[in-house]
Amino acid sequence: MSTNLQTQAFAGNPIRSKTPKSTDPFSPTSALESLKTRLLDNTLHCQPQKHHSSLSSSSSSSPDFKVLPFRKGRPLTYSGPGETAPVWHLGWISLGDCKIFLANSGIELKEEALVYLGSRSADDVVYWAIDVSDGDSLASEFGSKQLCFVELRTVMVATDWADQRAMADLAIAGHARALLEWHNVSRFCGHCGEKTIPKEAGKLKQCSNASCKKRIYPRVDPVVIMLVIDRENDRVLLSRQSRFVPRMWSCIAGFIEPGESLEEAVRRETWEETGIEVGEVVYHTSQPWPDARWHSREDVKKALTFAEYIKAQRTAAAKVEQMCKGVERGQSLAADFNVESGELAPIFIPGPFAIAHHLISSWVYKDAPDGVQVQTAPSSTSMSNL
């Protein structure tokens with residue numbers, strides 16, 4: 001049977017609940033005011049502990065603040081033991097720890113550098129993200145505590161998709177990366193060209209020009225990903241890119257153009273990439289590119305073997321552990337994932353972390369309607385290289 005995830009990878013963020021009212025201590029407005037006060041508190045100090053997910057508390061007052069540092073789009077992580085493979089975790093640090101780490105790199109922690117991610121009122125915690133790419137010595141300093149900055153795609157593959165905590169951490173990391181990337185590329189107003197300044201704890205930006213004051217909100221770029229089905233010949237159309245590992249094939253995908261419906265985008269992208277015309281478009285699901293070739297149901301079914309996915313996940317998990325211990329191997333990530341045992345399947349399909357996997361597996365294990373049709377899933381991305 002195909003994998004049945006409760007949520008897609010990068011979806012199901014547990015700290016992105018409904019925004020609290022401004023008077024709520026967990027709201028962005030109240031949290032920002034508390035943040036300003038705490039940054040002025042010179043008694044904040046660093047008390048690193050063994051378990052990095054609960055590094056020292058910045059203050060005894062409520063709520064607690066935890067910060068997730070990113071460096072060049074990579075979240076801070078650490079690795080711990082698991083039942084069958086190492087398990088990665090997000091490297092949350094306290095506000096006090098963050099202030100000291102940055103100070104050691106000659107950087108003053110300012111309120112506008114922190115971006116509000118969300119909260120858990122039950123745990124009395126507000127979560128923040130920060131880009132520390134300018135701190136040259138931070139990687140080695142965190143490394144001495146067996147914390148490391150790991151590529152988001154690596155931790156995605158290293159995630160055990162049956163582990164709800166790991167999937168939640170992946171969603172948080174994806175959300176934080178997207179917000180920080182948006183802040184990085186929206187430093188100037190697109191209307192007048194003046195600098196922008198963060199507002200409402202980083203949830204939006206505003207032009208600093210008094211005669212403009214244009215408000216800018218995070219944007220997403222909608223994408224469709226589709227599986228083209230030929231019912232008459234019992235096959236599907238898959239595509240591949242030059243960057244794919246050997247034998248890997250996936251669904252066709254493309255950005256939606258202005259004034260275009262999902263169905264129109266599916267038909268246009270399929271025609272542009274493959275020259276194939278499709279009829280009915282069937283919606284499948286959603287999630288927060290190629291020379292093409294038809295593949296039989298039997299070949300695709302062989303490619304959906306879990307042996308390769310489990311081995312890839314464990315290989316990636318071991319890689320994260322090695323990186324956090326400072327013994328990262330020099331070989332490429334693509335080489336790490338091209339691992340198999342026994343007879344090779346003729347093709348390789350993206351793992352259960354990818355929505356393409358679920359589009360393909362739903363076809364393999366369930367007959368499609370008559371004719372060449374499409375199952376499609378609208379998606380959106382504000383994160384480069386994902």
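The first residue of the sequence shown is numbered 1, and numbering continues consecutively from there. Given the structure is predicted, the values throughout are model-derived calculations rather than measurements.
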Query raised in the report: Would you call Glu264 and Arg267 a salt bridge, taking side-chain N to carboxylate O under 4.0 Å as the test?
Result: no
Report task. For side-chain contact (heavy atoms from CB on, under 4.5 Å), just list the numbers for Asn13 and Leu117, CA-CA rounded to whole Å, side-chain angles, deciding distance to a tenth of an Å, and then say yes or no. Result -> CA-CA 10 Å; Asn13 186 341; Leu117 295 180; over 6 Å; no
Query raised in the report: So do Arg215 and Glu200 actually touch side chain to side chain, heavy atoms under 4.5 Å?
Result: yes
Query raised in the report: Which heavy atom of Gly174 sits nearest a heavy atom of Phe10, and at what distance?
Result: CA-CD2, 3.8 Å
Query raised in the report: Step by step, would you call Trp88 with Thr154 a side-chain contact (heavy atoms from CB on, under 4.5 Å)?
Result: CA-CA 10 Å; Trp88 71 271; Thr154 301; over 6 Å; no
Query raised in the report: Once you round to the nearest 0.5 Å, how far does CD1 of Ile130 lie from CG of Leu95?
Result: 9.0 Å
Query raised in the report: Is there a side-chain contact (heavy atoms from CB on, under 4.5 Å) between Tyr127 and Leu68 once you walk through the steps?
Result: CA-CA 8 Å; Tyr127 298 92; Leu68 181 61; over 6 Å; no
Query - Donor-acceptor contact below 3.5 Å, side chain Thr77 vs main chain Cys148 - result: yes
Query - Path from Phe188 to Val115 over hydrophobic side-chain contacts below 4.5 Å - result: no
Query raised in the report: Between Arg120 and Pro14, what is the shortest heavy-atom contact and its length?
Result: NH2-CG, 3.3 Å
Query - Donor-acceptor pair, side chain of Thr274 and main chain of Thr270, under 3.5 angstrom - result: yes
Query raised in the report: Do the side chains of Pro218 and Leu179 get nearer than 4.5 Å, heavy atoms only?
Result: yes
Requested in this report: Measure the spacing between OG of Ser94 and NZ of Lys99 and express it to the nearest 0.5 Å.
Outcome: 11.5 Å
Query raised in the report: Roughly how far, to the nearest 0.5 Å, is the CH2 atom of Trp92 from the CD1 atom of Ile172?
Result: 5.5 Å
Query raised in the report: Would a 4.5 Å heavy-atom cut-off, applied to side chains only, mark Phe101 and Val67 as touching?
Result: no
Query raised in the report: Hey, does Arg71 have a side-chain heavy atom less than 4.5 Å from the side chain of Leu138?
Result: no
Report task. Examine distances only and state if a side-chain atom of Ser34 and a backbone atom of Ser30 form a donor-acceptor pair shorter than 3.5 Å. Result -> no
Report task. Locate the shortest heavy-atom distance separating Leu39 from Lys110; write the atom from each residue and the value. Result -> CD1-C, 3.9 Å
**Report entry** Side chain to side chain, Val278 and Ile229, heavy atoms closer than 4.5 Å
**Finding:** no
**Report entry** From Lys195 atom NZ to Lys205 atom NZ, the distance as rounded to the nearest 0.5 Å
**Finding:** 10.5 Å
Query raised in the report: Checking side-chain contact (heavy atoms from CB on, under 4.5 Å) for the pair Asp221/Phe255: CA distance, chi angles, key distance, verdict?
Result: CA-CA 7 Å; Asp221 301 309; Phe255 289 98; 3.8 Å; yes
**Report entry** Taking every non-hydrogen atom, the tightest pair across Ser133 and Asp136
**Finding:** O-OD1, 4.4 Å
Report task. First locate atom CD1 of Ile256, then atom CG of Leu262, and finally report the distance between them rounded to the nearest 0.5 Å. Result -> 4.5 Å
Query - Any Asp131 side-chain heavy atom under 4.5 Å of His183 side chain - result: no
Query raised in the report: So do the side chains of Asp64 and Asp124 get within less than 4.5 Å of each other, counting heavy atoms only?
Result: no
**Report entry** Hydrophobic cluster identity match, Val87 and Val157, side-chain contacts under 4.5 Å
**Finding:** no
Report task. Using atom types as modelled and distance alone, determine if a side-chain donor or acceptor of Trp249 lies under 3.5 Å from a backbone N or O of Leu238. Result -> no
Query - Gap separating the CZ atom of Arg177 from the CZ atom of Phe70, nearest 0.5 angstrom - result: 8.0 Å
Query raised in the report: Would you say the side-chain atoms of Ser27 pair up with the backbone N or O of Asp24, donor to acceptor, closer than 3.5 Å?
Result: yes
Query raised in the report: Going hydrophobic residue to hydrophobic residue with side-chain gaps under 4.5 angstrom, can you get from Ile216 over to Leu204?
Result: no
Query raised in the report: So, does Thr196 use its side chain to make a donor-acceptor pair with the main chain of Ser186 at under 3.5 Å?
Result: yes
Report task. Can you label the angle between the His89 ring and the Tyr78 ring as parallel, tilted or perpendicular, going by 30° and 60°? Result -> tilted
Report summary line: Note: Val126 and Pro63 closest approach over all heavy atoms is CG2-CG, 3.7 Å
Query raised in the report: Got Val132 and Ile107 here, is their nearest side-chain heavy-atom distance under 4.5 Å?
Result: no
Report summary line: For Pro69 and Gly91, the nearest pair of non-hydrogen atoms, with its separation, is CD-O, 3.8 Å
